[in-house]
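So the structure is just underneath, and the comments pick up after that.
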Protein chains: 2
Amino acid sequence: MAVSREQIITAAIRHLNAAPTASMAEIAAAAGISRATLHRHFASRDELVTVLGWRALEDWQRVQREAGIAEAVASGDRALLREALQALLHGGVAICHEHGFLLTERALPADLLRRSDEIEEHEVEFLSACQRAGLIRADLPPRWVSSVVFGLLVAVTESVRRGDVAQRDVPRLFLDTFLRGVA
Amino acid sequence: MAVSREQIITAAIRHLNAAPTASMAEIAAAAGISRATLHRHFASRDELVTVLGWRALEDWQRVQREAGIAEAVASGDRALLREALQALLHGGVAICHEHGFLLTERALPADLLRRSDEIEEHEVEFLSACQRAGLIRADLPPRWVSSVVFGLLVAVTESVRRGDVAQRDVPRLFLDTFLRGVA
DNA sequence: GTACAATGAGACAAAAATGTCTCAATCAAG
DNA sequence: CTTGATTGAGACATTTTTGTCTCATTGTAC
């Protein structure tokens with residue numbers, strides 16, 4: 001049976017999450033296709049990773065939109081902001097479950113990183129609004145808070161990869177730790 | 001003037017922190033020596049990274065020892081544990097300032113990783129003791145708490161690398177966020 | 001000044017992965 | 001069944017980095 005492009009992408013994501021430095025040959029094997037066929041779909045490894053990267057960014061943007069962070073910022077309403085924050089964090093976990101390996105990927109194309117910075121910028125503004133609403137302490141630089149989200153997502157990805165934490169416990173642990181710390 | 005092995009290591013660390021995937025040629029250039037000389041000191045790139053890795057682990061172990069985590073665990077004394085925790089976290093930041101690039105290095109030799117797991121195991125036991133003493137919430141798996149330390153250190157490294165956070169603010173932000181979260 | 005050690009520059013082969021290409025086999029549509 | 005498209009297997013050249021080696025040069029100790 002033919003293996004669709006989507007199936008290849010799915011397999012590539014799965015395998016890259018387990019082995020982030022996998023070669024095209026490994027990825028092809030993981031997808032159950034030949035290296036030649038993989039190259040017919042993605043001219044180069046860069047192109048493949050780039051496609052996955054853009055998907056991750058689209059997901060991230062979608063999460064931001066569905067969480068309603070723009071509206072929440074505009075309103076400044078505490079309850080709205082709180083709900084958006086919850087949704088944003090849950091969405092972040094979901095994205096990492098799929099694209100976690102990209103978090104620590106070191107060789108991403110510049111335009112992807114630029115777009116990533118743009119999206120992160122919206123996140124920073126949102127977090128800033130959360131600070132003004134008293135949801136997040138005001139004595140932390142918003143960019144640091146954004147980095148904390150990033151760092152905790154790395155922790156999530158690594159914990160799950162190593163089997164230290166069950167998938168179902170992740171959202172609670174992540175949100176709990178993010179908001180209240182460990183003490 | 002001759003460039004000592006120590007100077008090479010220092011330059012390599014500095015450069016690898018800025019460009020984690022740097023080749024031997026780049027590292028040699030950064031150290032101001034020829035590629036041949038670099039190879040005379042470190043037969044292979046793996047060997048170089050491995051040497052740096054073992055240094056980082058030694059530093060980590062030293063931090064654990066100087067923080068007195070073993071004694072604190074043995075005593076179970078809350079004040080002792082608190083002081084050890086503070087020292088441990090401060091030490092972690094210091095290590096990352098130097099060896100941060102290793103946090104997300106994907107191709108480390110197995111024996112290094114094994115040793116890393118051993119040292120981390122001491123950390124987990126210590127964090128567990130902190131939970132029993134009420135310094136850290138008991139509803140978080142200690143391995144998750146350990147991952148949180150890791151993740152926040154990644155956040156620290158990345159923030160500093162990007163210039164989002166000043167070096168001098170790092171310890172406060174790190175400890176504050178770790179213990180109290182962002183809310 | 002001489003001798004010895006370390007260095008830099010560069011040539012070189014080897015390894016590993018990449019990307020291209022061909023060809024025969026398979027599969028699906030008509 | 002036939003045709004046309006897609007695939008897998010593998011050969012191939014290329015690229016990049018690695019690791020080795022040589023040789024002339026530098027510099028340092030004696």
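By convention in this document, chain letters (A, B, ...) are assigned in the order of the sequence lines, proteins followed by strands, and residues within each chain are numbered from 1. Everything quoted here is computed from the prediction, not taken from an experiment. All heavy atoms count here, side chains included; hydrogens, waters and symmetry mates do not.
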Nearest-Å distance for atom pair [atom1]/[atom2], residues [X] and [N]:
X      : N       : atom1 : atom2 : answer
L48(A) : dA17(C) : CG    : P     : 16 Å
Q7(A)  : dT6(D)  : CD    : C1'   : 15 Å
H41(A) : dT20(C) : NE2   : C1'   : 17 Å
D46(A) : dT16(D) : CG    : P     : 12 Å
R45(A) : dT16(D) : CZ    : P     : 16 Å
I8(B)  : dT7(C)  : CD1   : C1'   : 11 Å
H39(B) : dT7(C)  : NE2   : C1'   : 15 Å
E47(B) : dT18(D) : CD    : C1'   : 14 Å

Check for a donor-acceptor pair, side chain of R35(A) on one end and backbone N or O of A25(A) on the other, with a separation under 3.5 Å.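 Side chain of R35(A) to backbone of A25(A), a donor-acceptor pair under 3.5 Å: no, none is there.
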Any donor-acceptor pair under 3.5 Å linking the side chain of R143(A) with the backbone of G163(B)?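 A pair under 3.5 Å: no.
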Hey, can you pull the residues of residues 10-29 of chain A with a non-hydrogen atom under 4.0 angstrom from DNA chain C?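 Nucleic-acid contacts, sorted: S23(A), M24(A).
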More than 12 foreign heavy atoms under 6.0 Å from CZ of R137(A): is that the case here?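 Yes.
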If you measure from CG on D176(A) to CG on D169(A), what distance do you get to the nearest 0.5 Å?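 Rounded to the nearest 0.5 Å, the CG-CG separation comes out at 11.0 Å.
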At their closest point, which heavy atom of [X] faces which heavy atom of [Y], and how far apart are they?
X       : Y       : answer
V63(B)  : A87(B)  : CG1-O, 4.3 Å
L52(B)  : L102(B) : O-CD1, 3.9 Å
V145(B) : F178(B) : CG1-CZ, 3.8 Å

Angle between terminal axes - the helix from dG1(C)-dC30(D) to dG30(C)-dC1(D), 5 pairs each end, rounded to 10°: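 Rounded to the nearest 10 degrees, the bend comes out at 20°.
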Could you go through residues 107-116 of chain A and list every donor-acceptor pair under 3.5 Å that involves a side-chain atom there, pairing it with any protein atom two or more places apart or in another chain?
unit_1	atom_1	unit_2	atom_2	d
R115(A)	NH1	E118(A)	OE1	2.8
R115(A)	NH2	Q61(A)	OE1	3.3

Side chain of [X] (C-beta onward), nearest among [options]:
X      : options                  : result
S44(B) : dT7(C), dG19(D), dT18(C) : dG19(D)
A36(B) : dG19(D), dT18(C), dG8(C) : dG8(C)
S34(A) : dA9(C), dA9(D), dG19(C)  : dA9(D)

Record whether the side chain of R35(A) comes under 3.5 Å of the base of dG19(C) through a donor-acceptor pair of N or O atoms.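 Side chain to base: pair found, below 3.5 Å.
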Could you tell me whether the side chain of R40(A) has a donor or acceptor atom within less than 3.5 Å of a complementary atom in the base of dG19(C)?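 There is none.
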Single-linkage hydrophobic cluster L135(B)~L80(B), side-chain heavy atoms < 4.5 angstrom: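 Different clusters.
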